[in-house]
Amino acid sequence: MSPNDLRIATKAIHAGQQPDPTTGAIMTPVYMTSTYIQSEPGVHQGYDYSRSGNPTRTALEANLAGLEGGKYGLSFASGLAAENTLLHLLGHGDHVVSARDVYGGTYRLFEQVWRQLGVTYTTVDATSLVEIKEAIQPNTRMVWLESPSNPLLTCSDIQAAVELAKPSKAWVVVDNTFATPILQQPLSLGADVVLHSVTKYLGGHSDVIGGALITNNDELHDRLRFLQNATGSVPGPMDCFLVLRGTKTLSVRMKQHCENAMIIAEHLAAHPEVERVYYPGLENNPSHAVAKRQMTGFGGMVSVELAGDFARNRRFACSTQLFSLAESLGGVESLINHPASMTHASIPKEERERGGLSDSLMRLSVGIEDAQDLIEDLEQAITRSKSPRTGEVVPDRENGMADQVTLKRAC
Ligand SMILES: *Cc1c(COP(=O)(O)O)cnc(C)c1O
């Protein structure tokens, strides 16, 4: 049976995994070693130093490649380390076309790190092929998509974007963190590189930070592999082990995340106290058709704005009990996040609003608890958020720092 013929739930468990050759241990051991003996100078069994390679990491990289249907996987110390390594392919004078609605840290990396090094970029509404097309310049080297996006859950037509990028030979990068390979495989849609924050669904248990890049392109892989070693932002063996443990259950977890998120999105969409729900699984969502075509499920992230003002939405975020108020997403437990003051605070308010991200928006990472318990929690929080509590400080909308402080105090 060729590993490539296996279906994804099987690959999640078996891709890149072999029983340990010395003991037969079924789980990949955590090779806690920095170096490896050599029988003569330069002669070793494939590993010489753990920045360059470690067997636990090799197993994870092969597993991630298998899941994305790619030839090569590389893992990194964080999602941003993976992004930063990828951006090292570029230099002064190069240009990137990026989706406007991306993870806040991605925006910060472009704006506050790579722009200073002479890499320019244009942000676009990546659901619009016209905007992508018009933004591509002669020096455009990358088209950067995040689909579904964070936190508005918009979806870009990956195949169409690949066609648009072809004439300029720009690489199409897809941040597949929200979809995971269970729901969407960008390489099969023509993307050049798939990026992950494995911190999220792939790890799946909120206990590890990591990132990954997967590609089918030999030359790109060679350059990225070189950069991984040359710049050194590699994960440790224990982190690799934790992600490998996570990916084994990815398929079943994603089924439950999708099922729960759909139940919650539908419940909220029909709720009189709810202004707007963002979930690509809802038929009236502008990204529904694209999502349906290129994904096999709609994912576990739902964003919502309750009716009423900013303060009411803020009270809502402070009133949930099962949904913990925290950054991050993709773990088995449900989380609620206020992008404007938390994950996306590094994006200026005008830029956030230009992209349609209002200060009232709350992002839910729907976990795999019983959906009914989650609904009951949201219900009590919606009710409790209706009226101000005694002594509540009305937050200062204009001041980001004050926002953060009052959000915590109000909780
Ligand atoms: C979290 C996240 C990242 C950054 O990953 P880290 O592991 O936190 O460095 C990148 N993209 C998306 C979509 C994310 O959610």
Side-chain angles (χ1 to χ4, degrees), residues 60 64 68 73-87 96 98-114 121 123 126 142 144-156 158 173-184 186 191 193-214 228 231 233-236 239-240 242-243 246-247 254 257 261 278 280 287 295 299-303 326-331 335-339 342-347 352 355 357 361 363-367:
L60 171 62
L64 296 173
E68 283 289 0
L74 291 171
S75 59
F76 295 88
S78 68
L80 282 178
E83 295 184 22
N84 196 43
T85 306
L86 185 58
L87 287 166
V96 179
S98 166
R100 185 170 295 128
D101 189 35
V102 291
Y103 173 66
T106 302
Y107 174 87
R108 183 177 55 199
L109 182 63
F110 284 143
E111 185 64 34
Q112 294 186 39
V113 180
W114 283 91
Y121 71 99
T123 58
M142 268 181 203
W144 190 291
L145 305 175
E146 191 176 301
S147 183
S149 69
N150 182 359
L152 297 173
L153 289 322
T154 62
C155 300
S156 303
I158 296 170
V173 175
V174 178
D175 185 333
N176 205 28
T177 300
F178 273 33
T180 82
I182 302 296
L183 306 181
Q184 169 176 285
V193 183
V194 172
L195 155 73
H196 278 284
S197 167
V198 304
T199 312
K200 315 295 168 51
Y201 287 104
L202 301 192
H205 297 75
S206 306
D207 53 9
V208 62
I209 298 280
L213 299 173
I214 300 109
Q228 181 195 41
T231 64
S233 50
V234 293
D239 291 350
C240 295
L242 287 171
V243 179
T247 58
M254 288 317 290
H257 282 298
Y278 301 76
S287 286
M295 298 172 73
M301 301 300 295
V302 178
S303 291
E327 305 229 354
S328 203
L329 61 110
L335 300 178
I336 185 166
N337 163 59
H338 177 230
M342 295 164 69
T343 47
H344 291 65
S346 56
I347 304 178
R352 286 200 306 263
L357 168 52
L361 185 120
R363 189 190 75 185
L364 305 175
S365 174
V366 179

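What you see is a predicted model; the values in this text were computed from it and never measured. Order of appearance sets the numbers: ligands from 1, and atoms from 1 within every ligand.
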Taking the six-membered ring where the residue is Trp, are the ring centres of Phe110 and Trp144 under 6.0 Å apart?
->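 Yes, close enough.
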Out of all atoms in ligand 1, which are within 4.0 Å of some heavy atom of [X]? Include the element for each.
| X | value |
| --- | --- |
| Ser197 | 1 (C), 2 (C), 3 (C), 4 (C), 5 (O), 6 (P), 7 (O) |
| Gly210 | 7 (O) |
| Thr199 | 7 (O) |
| Ser78 | 7 (O), 9 (O) |
| Gly79 | 5 (O), 6 (P), 7 (O), 9 (O) |
| Glu146 | 13 (C) |
| Asn150 | 15 (O) |

Protein heavy atom at shortest distance from atom 3 (C) of ligand 1 =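 Heavy-atom neighbour on the protein nearest atom 3 (C) of ligand 1: Tyr103 CD2, 3.4 Å.
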Write out the residue and atom name of the closest protein heavy atom to atom 13 (C) of ligand 1, then the distance separating them to 0.1 Å.
->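 Minimum-distance protein heavy atom for atom 13 (C) of ligand 1 reads Asp175 OD2, 3.3 Å.
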Determine the minimum heavy-atom distance between Glu327 and Thr343, stating which atoms define it.
->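 Looks like OE1-CG2, 3.6 Å.
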Best match, Glu327, Met301, Lys200: closest heavy atom to atom 15 (O) of ligand 1 =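 Heavy atom nearest to atom 15 (O) of ligand 1 belongs to Lys200.
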Would you say [X]'s side chain and [Y]'s backbone share a donor-acceptor pair under 3.5 angstrom?
| X | Y | answer |
| --- | --- | --- |
| Ser287 | Pro280 | no |
| Thr177 | Ser197 | yes |
| Glu146 | Ala99 | no |
| Arg363 | Asn337 | no |

Check if Glu83 has a non-hydrogen atom at a distance under 4.0 Å from any atom of ligand 1.
->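 In this structure, Glu83 qualifies as a contact of ligand 1 - some heavy atom is under 4.0 Å.
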Please check if any side-chain donor atom of Glu83 sits under 3.5 Å from a side-chain acceptor atom of Thr106, or the reverse.
->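 Yes, because at least one side-chain N or O of Glu83 sits under 3.5 Å from a partner of the opposite role on Thr106.
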Considering the options Ser147, Pro148, Ser149, which one meets the side-chain contact (heavy atoms from CB on, under 4.5 Å) requirement together with Thr154?
->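 Passing option: Ser149.
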What part of Leu80, side chain, backbone, both or neither, has a heavy atom within less than 4.0 angstrom of ligand 1?
->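 Within the 4.0 Å criterion, Leu80 contacts ligand 1 through backbone and side-chain atoms alike.
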